[in-house]
Amino acid sequence: MCTVCGCGEGETRIEGHHHHHHGHPPAPAHVHGHDHDASPLVASGDQLDYGQGAARAHAPGLSQSRMVQIEQDILGKNDRYAAQNRARFEALSLFALNLVSSPGSGKTTLLTHTIERLGTRVPLAVIEGDQQTAHDAERIRATGARAVQINTGKGCHLDAHMVGHAMERLDGLDGGVLFIENVGNLVCPAAFDLGEAHKVAILSVTEGEDKPLKYPDMFHAADLMLLNKTDLLPHLDFDVDACIDYARRVNPEIDVLQVSARSGEGMERWLEWIERRRTARIRQRIEQLRQQAQALEMLL
Amino acid sequence: MHEMSIAEGVIQVLEEQAVLQNFRRVKRVRLEIGPLAAVEADSLRFCFDAVSRGTLAEQSSLEIIDLPGTAWCLNCHATVSIRRRYDSCTHCGSYQLQVTGGDELRIKDLEVE
């Protein structure tokens with residue numbers, strides 16, 4: 001799949017829209033040319049750890065060929081699209097959240113309940129990312145909210161270019177909330193900025209409290225951890241305090257809210273968290289416009 | 001898991017640079033990767049081998065320079081080195097660390113002809 005637009009060899013689909021093709025070089029079925037002796041794999045007992053290799057610094061040899069300095073971020077292109085999205089969200093005073101979690105954490109149920117509570121007063125829309133099917137977008141539309149489904153094909157994450165395309169299908173969102181429900185995956189979406197105001201990591205209490213340590217990049221990238229399905233806590237051995245402690249180890253700044261979409265417990269605080277930030281964004285925009293209006297009045 | 005898309009991202013940058021800087025073939029690519037970039041070097045090599053076939057970087061060597069991970073300890077008021085996001089301060093054991101380096105994922109330079 002392509003980092004720029006996520007088109008897994010023509011597989012990315014935004015509902016009702018065949019994604020344009022960039023003409024990637026054909027990838028061969030299987031190439032096995034790497035050197036196993038150089039593997040940084042460290043094995044001990046029953047544990048295989050790919051993150052422990054010795055530093056392999058390189059002393060470049062002399063060469064007759066030309067050296068070209070690049071110093072370019074590999075994900076720079078995604079970051080440029082993300083900056084465009086962010087500017088667009090700011091111009092609309094649109095509060096965008098990137099919801100990330102493993103599959104089955106209850107993201108879509110949490111979203112449908114959140115949408116019902118936010119009501120019709122606030123303009124809102126959902127961009128749904130899944131590898132296949134439009135099931136989640138249909139569940140969101142059943143609440144009356146607008147939803148655009150992005151199917152990433154083989155892709156494991158949404159990227160900023162896909163979100164930019166999905167935004168072309170959504171209008172009238174000024175001052176509202178955009179929920180971007182990422183592909184269920186606690187690994188890859190951490191690396192792809194979509195232009196959102198915050199990443200929100202959803203962890204359900206049926207998953208095990210050490211997930212923040214197992215997938216530290218995601219919990220580091222998130223500004224809020226929603227601990228979901230808390231109505232099930234009496235039936236589980238899940239240690240809430242340990243989980244929060246692990247999350248703060250990888251991200252001392254992370255906010256934590258405990259919610260149950262099903263029982264409604266904690267949902268008020270989650271809605272307050274959203275509303276406080278959404279309205280702050282609108283106030284900030286009003287202030288900018290006021291200053292702009294004043295500057296124009298001076299010219300009369 | 002997204003090493004494949006990162007490898008394709010590298011090839012795209014090479015193709016853009018080939019036009020801008022006027023070269024036809026890439027013999028060596030040097031990447032700088034921090035320990036917190038969520039990229040597995042071995043997997044990236046494998047993917048790069050696969051996606052570079054039939055491109056200007058076919059048979060090029062991919063070299064990965066490991067950069068250090070660093071963090072500012074709010075307790076010690078000092079920079080400490082880390083390997084993982086959940087590492088504690090090597091001096092005081094505190095987890096109140098702000099990551100200051102190690103997220104890097106970039107192409108440093110190329111050997112071309």
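In what follows, chains are A, B, ... by sequence order, proteins preceding strands, each numbered from 1.
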Heavy-atom proximity to chain A below 4.5 Å, by part of [X]:
X	result
Glu16(B)	side chain
Phe48(B)	neither
Val13(B)	side chain

- Message: Just to verify, which of Glu209(A), Arg249(A), Gln258(A) counts as forming a side-chain contact (heavy atoms from CB on, under 4.5 Å) with Ile244(A)?
- Response: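 Output: one option passes, namely Gln258(A).
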- When heavy-atom pairs shorter than 4.5 Å are enumerated against chain A, which of Gln98(B), Arg85(B), Gln96(B) gives the highest number?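 Of the options given, most contacts go to Arg85(B).
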Under 3.5 Å, which donor-acceptor pairs do the side chains of residues 69-77 of chain B form with other protein atoms, sequence neighbours left out?
| from | atom 1 | to | atom 2 | distance (Å) |
| --- | --- | --- | --- | --- |
| Thr70(B) | OG1 | Thr100(B) | OG1 | 3.0 |
| Thr70(B) | OG1 | Gly101(B) | N | 3.2 |

- So side-chain hydrogen bond (donor to acceptor under 3.5 Å, both in side chains) across residues 17-26 of chain B, not counting sequence neighbours, yields Gln72(A)-Gln17(B), Gln17(B)-Gln21(B), Arg25(B)-Glu113(B)
- Item | Flag side-chain contact, heavy atom, 4.5 Å: His91(B) against Val80(B) |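 Yes, side chains in contact.
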